[in-house]
Amino acid sequence: QVAVGTINGGVFIERDSDGKGWHISHRGLEDKHIHAIVVERISGTIFAGANHGSIFASADGGHTWEQRDKGLTQHDVYSMEATQIDGKARIFAGTEPAHLFCSDDLGLNWSELTAFRSVDTSNWQFPAPPHVAHTKHINFHPQDPKTLFIGVEQGGLLKSTDSGETFKVIHGMDDDVHRTVLNPANPNQIY
C-alpha cells in the first residue's frame with residue numbers, strides 16, 4: 001500500500017494487490033492540499049499534514065480521517081516524520097512559519113519544541129510571497145533517533161542531539177535545505 005498526497009485531491013491510497021500494477025483503492029481528505037504524509041510503524045496510523053489545514057490521522061489504512069491538532073499553534077503543516085524513542089512512538093510536525101512540534105500520543109496532543117526557534121531566525125525567509133520560511137524536512141540519525149536534523153526553507157540546517165530540547169545551526173550549509181539523507185554506513189556523512 002502507498003499513500004500519496006496531492007495538491008488539490010487529498011490523499012490517494014494505492015495498492016498493487018494483483019501484481020498487475022498500482023490502482024487507487026480509496027481517497028480521503030479530498031479538499032486538502034497535502035504537504036506531508038508519514039506512517040507511524042508501531043500503530044500503523046497514517047498522518048497527513050495539510051497546507052492551511054492542520055494534521056489529520058487515519059487508523060484504518062486511509063479509509064477514514066480525523067483532525068488531530070490539539071496544542072498545534074500553526075496549522076500550515078509542511079513536514080512530518082515519525083520515530084521511536086525509548087520504545088515509544090513520537091511524531092514530529094514542521095510548519096509555516098517555521099516551527100517544530102511533537103506528539104507522544106499519536107497526534108492527540110502536540111507540544112512545540114520552542115528551542116527550535118531559539119537560534120538566530122532573522123534570516124529565515126522564503127523568496128516568494130509571503131516570504132515566510134517553513135520547516136521543510138525532518139530527519140534522524142540512523143542509529144540515534146534522539147538526534148534530529150531539520151531543514152528550513154530558507155534558513156539552513158539545524159541539529160538537535162536531545163530530541164529537540166536544544167538546537168544548533170550546522171554552519172557551511174546552503175540556506176535552502178529541502179532534504180537530508182544520512183549515510184547508514186557512515187552517519188557522519190550527510191547529503
Side-chain angles (χ1 to χ4, degrees), residues 1 3-6 10-11 13 26-119 121 124 132-142 144-153 155 157-168 179-180:
Q1 175 172 298
V4 178
T6 65
V11 177
I13 305 296
H26 51 281
R27 295 174 60 183
L29 305 174
E30 295 179 23
D31 61 337
K32 304 291 183 206
H33 174 163
I34 305 299
H35 270 295
I37 295 178
V38 66
V39 178
E40 193 285 307
R41 293 182 301 157
I42 297 171
S43 67
T45 304
I46 304 170
F47 291 89
N51 180 27
H52 303 293
S54 208
I55 295 175
F56 298 84
S58 174
D60 60 6
H63 289 281
T64 61
W65 294 86
E66 68 175 326
Q67 193 164 346
R68 291 191 188 173
D69 61 0
K70 183 179 177 187
L72 213 64
T73 59
Q74 306 295 325
H75 296 278
D76 191 357
V77 180
Y78 262 76
S79 55
M80 296 194 77
E81 194 54 74
T83 192
Q84 294 178 33
I85 297 177
D86 299 327
K88 296 180 182 178
R90 177 170 280 182
I91 315 299
F92 290 88
T95 62
E96 178 184 284
H99 290 260
L100 185 64
F101 297 86
C102 71
S103 173
D104 293 324
D105 59 5
L106 297 177
L108 296 174
N109 296 283
W110 293 89
S111 299
E112 182 170 1
L113 297 170
T114 56
F116 179 66
R117 295 188 60 86
S118 68
V119 302
T121 63
W124 288 12
V132 177
H134 45 265
T135 309
K136 184 72 172 180
H137 190 245
I138 303 165
N139 202 351
F140 307 97
H141 187 285
D144 179 11
K146 292 181 180 183
T147 298
L148 303 161
F149 295 90
I150 311 296
V152 176
E153 184 181 33
L157 183 64
L158 282 75
K159 179 181 180 181
S160 173
T161 57
D162 52 14
S163 298
E165 294 298 319
T166 61
F167 281 91
K168 67 177 184 173
R179 296 283 181 270
T180 57

Exercise. Under the side-chain contact (heavy atoms from CB on, under 4.5 Å) criterion, do K159 and T161 qualify, and how do the steps go?
Worked result: CA-CA 7 Å; K159 179 181 180 181; T161 57; 3.8 Å; yes

For this session: Go through the steps to decide whether W124 and R117 satisfy the test side-chain contact (heavy atoms from CB on, under 4.5 Å), and finish with yes or no.
Result: CA-CA 10 Å; W124 288 12; R117 295 188 60 86; 3.9 Å; yes

Problem set entry | Trace of the side-chain contact (heavy atoms from CB on, under 4.5 Å) decision for F116 with V152 | CA-CA 11 Å; F116 179 66; V152 176; 3.6 Å; yes

Exercise. Would I34 and F56 count as a side-chain contact (heavy atoms from CB on, under 4.5 Å) if you check the C-alpha gap in whole Å, the side-chain angles of each, and the deciding distance to 0.1 Å?
Worked result: CA-CA 10 Å; I34 305 299; F56 298 84; 5.7 Å; no

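The closest side-chain heavy-atom distance from M80 to I55 is below 4.5 Å. Using a 4.5 Å heavy-atom threshold, the side chains of V38 and E81 count as touching.
A distance-only check finds a donor-acceptor pair linking the side chain of H26 to the backbone of G61 [under 3.5 Å]. With hydrogens and angles ignored, the 3.5 Å screen pairs no side-chain donor or acceptor of S160 with any backbone N or O of T147. The closest donor-acceptor contact from the side chain of N51 to the backbone of H33 lies at 3.5 Å or more, if one exists at all. Although no hydrogens or angles enter the test, the distance criterion places a donor-acceptor pair under 3.5 Å between the side chain of R68 and the main chain of L106. T95 contributes no side-chain N or O that, together with a main-chain N or O of H75, makes up a donor-acceptor pair within less than 3.5 Å. With hydrogens and angles disregarded, no donor-acceptor distance shorter than 3.5 Å links the side chain of T45 to the backbone of E40. Between the side chain of W110 and the main chain of I91, no donor-acceptor pair closer than 3.5 Å is present. The main-chain N or O of H63 is found under 3.5 Å from a side-chain atom of D60 such that the two form a donor-acceptor pair.
Taking CH2 of W65 as the start and NZ of K32 as the end, the distance is 12.5 Å to the nearest 0.5 Å. Considering CG of D86 and NZ of K146, their distance stands at 4.0 Å, rounded to 0.5 Å. One distance of note links NZ of K70 with OG of S54; it measures 14.0 Å at 0.5 Å rounding. Separation of atoms CG (L100) and CG (L113) is listed at 5.0 Å; rounding is to 0.5 Å. Atom CD1 in I150 sits 7.0 Å away from atom CZ in F92 (nearest 0.5 Å). Going from atom CD1 of I13 over to atom CZ of R27 covers 11.5 Å, rounded to the nearest 0.5 Å.
Of all the heavy atoms in T166 and A115, the pair that sits closest is CA-CB, 3.9 Å.
The closest side-chain donor-acceptor pair between S111 and N109, if any, does not fall under 3.5 angstrom.
Looking at residues two or more places apart in sequence or on another chain, you find no ring pair (Phe, Tyr, Trp, His ring centres under 6.0 Å) involving F47.
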